[in-house]
2 protein chains.
Amino acid sequence: MLDGVSLDHLRIFIAAADEGSFSAGGRRLRRTQSVVSQTLANLEAQLGVKLFDRSSRSPVLTRQGLALLAEARAVVSRMDVLKARAKGLSDGLEPDLSVVVDVVFPLDQLTGAVAAFQEKFPATPLTLYVEALGAVLQPVMTGRCAFGVMGSLPTAPGQLTRERLLSVRWAFVASPTHPLASLKAPIPAGVLAQHRQLVLTDRSELSQGKDFGVFSSNTWRLADLGAKHAFLRAGLGWGGMPTGVVETDLANGSLVRLDLEEVPDANLVMAMFAVFRTDTPPGPAGRWLIEHLKSGSATPARTAKAKRARFQP
Amino acid sequence: MLDGVSLDHLRIFIAAADEGSFSAGGRRLRRTQSVVSQTLANLEAQLGVKLFDRSSRSPVLTRQGLALLAEARAVVSRMDVLKARAKGLSDGLEPDLSVVVDVVFPLDQLTGAVAAFQEKFPATPLTLYVEALGAVLQPVMTGRCAFGVMGSLPTAPGQLTRERLLSVRWAFVASPTHPLASLKAPIPAGVLAQHRQLVLTDRSELSQGKDFGVFSSNTWRLADLGAKHAFLRAGLGWGGMPTGVVETDLANGSLVRLDLEEVPDANLVMAMFAVFRTDTPPGPAGRWLIEHLKSGSATPARTAKAKRARFQP
DNA sequence: AGAAACCATCGCTTGGGGCGATAGATGCTC
DNA sequence: GAGCATCTATCGCCCCAAGCGATGGTTTCT
């Protein structure tokens, strides 16, 4: 034995204190009265503290006993936490979860799912990375993240599995002060190419040379969606944005939608997928999170519902 | 045994994980390597979780093992807290401390001492009551409070011990709009008696009929020092206040000092005492707090020092 | 190849946890 | 007040899990 006082000692102490009687405490734990008596005498000796006043018929906690009772509860409660955690792990729950999400993924959908996740799996630490485009892929490949959330794969290695989550509507926009904004008719590619396009980029090598929706050779590359947003509003160029991000701008006129000849009906959508390595599929927690990132499983939050209504008119 | 997993299991787990080796972990705990091996196998079986990957030469924690290691540390750490607490109690430290303090006790001295107390005895819950005059005595008599802090005892039962703490300077004041305020010469008792005096009182029976510094038969009795303060400032009467409470009022003129004929040199001080039942003297924590309530042991806080300087010009 | 670690497994011993019995004390009931 | 029920303390006994030492297999370093 490494230490005189054990968990069983504390459990017997708690039972006796709760029941107000050694005998009753013993009954609760299916132990004889004698072991309770001996154990508590032993515990008192180990701690050097009188826990019970035995002068009356049934023992009553001393003040010291009351103080240590709270400590004892804390100890066994912590042990119960450990066992609960172990139970989860033995059922296959992953000990922690790292996820990387593309910036263009709808924020409210993400926050709603993550909030629900924390409530559902409070013991599972969740680490969230937000990256752009190809930068999502890298941590998934290396295994640092259990899965990633990203748009159409520029290059889809065979070792990856992807699973459709939802679609992000896309709009090409510009500031109302921008020359393109005054053109009502569908804009042909030739005209587009004459104006600087703002393009989201990232620092990874995986998406090098793989451009998505780039119509102009005159481009500025921005690694941050918020920066791109600000540049667009400042009239420094035109480019595509998720409609969810710019809808208030479109409503109040600080950005206007561009009608492109190449994109009929402005119906551009980008499908978003959960992507993970086929050899290490997500465990229960990761799977749960993936399910709750799908469009059908929006959180009951009001904002999410409103957003969905706008997405499917 | 009430439960398969014990504290010793966790301690062995922690040692092995820390050392990165079963043998080294065993050495640290003065146990054979075989018991470490067996114990960990047993623990893994109990929890249903593989803690170590034994495929390589020296075992390495699995992800689950890493997660449970943190939990294990939490459990034994909580147990260490319990034992530390028990150690304090066995050394005679009281499990908790209740104290009742008279409102007129200098606030900064009190807060300083209490703050230092919480730092010195973080495990000892401190309950503080603030009462007026005789109301301080009652919880001390009944034993609900280990000691009380109060002014001169109106009636000093022999079963109480008192110990001097510090002196509170006292001033008789009134609003500048009050008729007495315009009298420069020392005011005789006869004149005082013609004006309403505001007197601090309390709801206990112990101070019934025992008035302190009452010169007028026309009195209003206030159970709250703050209320008395407000009444004085409103010009509703005259009365005594601790100088510490009214010094800013005296400085900015919202109250003026009265020069009483009965009280030469305005040198009225009220000695304050720690009072406790002789049969239950305070333990180490209580004694520590009493020492730090004395005037010489002011906290190093700037305000307290400044206040003391003003008190002893 | 050999030494030196490491871990798993197997008997063997032993100490503490648990049981039952007993005795003394206290409170309830008739 | 006698009898009964229930409580705690203590004793002797049993037994299992914890611990030990030895053995064997494996990896790493020299």
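Residues Arg85(B) and Leu68(A) approach most closely at CG-CD2, 3.9 Å, considering heavy atoms. Between Leu89(B) and Val49(A), the closest heavy-atom pair is CB-CG2, 3.9 Å. Listed here is the closest heavy atom pair of Arg78(A) and Glu71(B): NH1-OE1, 3.4 Å.
A donor-acceptor pair under 3.5 Å links the side-chain atoms of Thr39(A) to the main chain of Val35(A), judged by distance alone. Under the 3.5 Å distance criterion, the side-chain polar atoms of Thr201(B) are left unmatched by any main-chain donor or acceptor of Ala223(B). Between the side chain of Glu94(A) and the main chain of Gly286(A), a donor-acceptor pair closer than 3.5 Å is present.
In the helix from dA1(C)-dT30(D) to dC30(C)-dG1(D), the rotation axis of the first five pairs and that of the last five pairs differ in direction by 30°, rounded to 10 degrees.
The aromatic rings of Phe117(A) and Phe121(A) sit tilted, their planes meeting at an angle between 30° and 60°.
The outermost nucleotides of DNA chain C lying under 4.0 Å from heavy atoms of chain B, listed 5' to 3', are dA5(C) to dG18(C).
We find that CG of Leu7(B) is positioned 13 Å from P of dA18(D), with the value rounded to whole Å. Summarising the geometry, the separation between CG on Asp53(A) and C1' on dA9(D) is reported as 15 Å, rounded to the nearest angstrom. Atom CG of Asp3(A) and atom P of dA18(D) are 15 Å apart (whole Å). If you measure from atom CD1 of Ile12(B) to atom P of dA18(D), you get 9 Å, rounded to the nearest angstrom.
Checking Asp53(B) against Ser55(B) by side-chain atom types alone, a donor-acceptor pair falls below 3.5 Å. Looking only at atom types and distance, the side chain of Thr161(B) has a donor-acceptor partner in the side chain of Thr278(B) under 3.5 Å away.
Scanning residues 23-44 of chain A for heavy-atom distances under 4.0 Å to DNA chain D yields Ser23(A), Arg27(A), Gln33(A), Ser34(A), Ser37(A), Gln38(A).
Between Arg57(B) and dT26(D) there is no side-chain N or O to OP1 or OP2 distance below 4.0 Å.
When side chains are defined from C-beta on, Phe273(A) does not count as touching Leu165(A), because their heavy atoms never get closer than 4.5 Å.
Checked options Thr127(A), Leu128(A), Leu126(A); the residue passing with Leu97(A) is Leu126(A) (criterion: side chain to side chain contact (heavy atoms under 4.5 Å, CB included)).
Residue contacts for Ser56(A): at a heavy-atom cut-off of 4.0 Å it reaches no nucleic acid atom on any strand shown.
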